[in-house]
Amino acid sequence: SLKNNVEWLNVPHEILIFNNSKSIEVPESRQYKVYNSDENKKLSGAYNFGLNHANVTEAEWMLLLDQDTELTREFLIAVSSNLQTNFNPNIVNIVPRLTNDGKRISPHRIRFFNSIRVPISKSGIYSTHLIALNSASLLRVSFLNAIGGFSEEFELDMLDYRTCLNIYKDKKQIYVLDTELNHELSVINMEKQMSEERYKALLTAEKRYIELFGYMDRLMYQIRILFRYLKQAL
């Protein structure tokens, strides 16, 4: 979908592919740069590699693109238009709305001790605690540098939660575009897309994340885990 629509990204840009798979060799091309990693460095490793490259090339923004998001012409046009606008420097993340089989999954507002997630339906600037998934997030490089890059504590799961928590704590803002993309989210279809080992890693990351908050947040998380267990058992 990127190859089919990249012509609509009407701003100077460079495409960097970080390949985490030893079994797949991504060929060199004039259209992009590629780094075939000798080991799976998970999301944080790949993103920090990209951030280092962004610093070397003095890029102002970094667009994260995972392979499970379907890009559209409308999204790339919106990205181009907004990058050509003199944005408030307080805005450090520009995101679309993501859906999975028609269900809105990102971004969403966090409420009541991290226990309630309210999907965002309107575009605009948000200063409240929002969570936006990594993929298709356009992040300001200077902000990423200020927070020390992408957290190595969250190599894969909850990395987007940690980055958005940094945005909220630092009193920065997220701009939600008036565009929508389809994203395949593994946690929605647990039986087909989530192995036992993978689920254990997710629970570990969730626990590590919620420990960044207070007692009530941790208590509400334990209650949510109980209800999730009952739902999955049924």
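Computed from a prediction, not measured in an experiment: that's the story for all the values here.
Side chain of Arg109 to main chain of Thr128: no donor-acceptor pair is present (N/O by atom type, distance under 3.5 Å, no hydrogens or angles). Between the side chain of Ser80 and the main chain of Asn10, a donor-acceptor pair closer than 3.5 Å is present. The backbone N or O of Ile77 lies less than 3.5 Å from no partner atom in the side chain of Ser81, so there is not a single donor-acceptor pair. Between the side chain of Asn4 and the main chain of Leu71, no donor-acceptor pair closer than 3.5 Å is present. Side chain of Arg218 to backbone of Phe213: a donor-acceptor contact under 3.5 angstrom is found. Panel note: side chain Thr163, backbone Asp160; no donor-acceptor pair is recorded below 3.5 Å.
Within a 6.0 Å sphere centred on CD of Glu7, heavy atoms belonging to other residues, nucleotides or ligands number more than 12. Heavy atoms from other residues, nucleotides or ligands lying under 6.0 Å from OH of Tyr168 number 12 at most.
Of the N and O atoms on the side chains of Gln173 and Ser127, at least one donor lies less than 3.5 Å from an acceptor on the other residue. For Asn48 and Glu152, the side-chain atoms include at least one donor-acceptor pair closer than 3.5 Å.
Between Glu206 and Arg224, none of the side-chain N atoms (NZ, or NE/NH1/NH2) sits under 4.0 Å from a carboxylate O, so this pair counts as no salt bridge.
Classification of the Tyr161-Tyr209 ring pair by plane angle, with boundaries at 30° and 60°, yields perpendicular.
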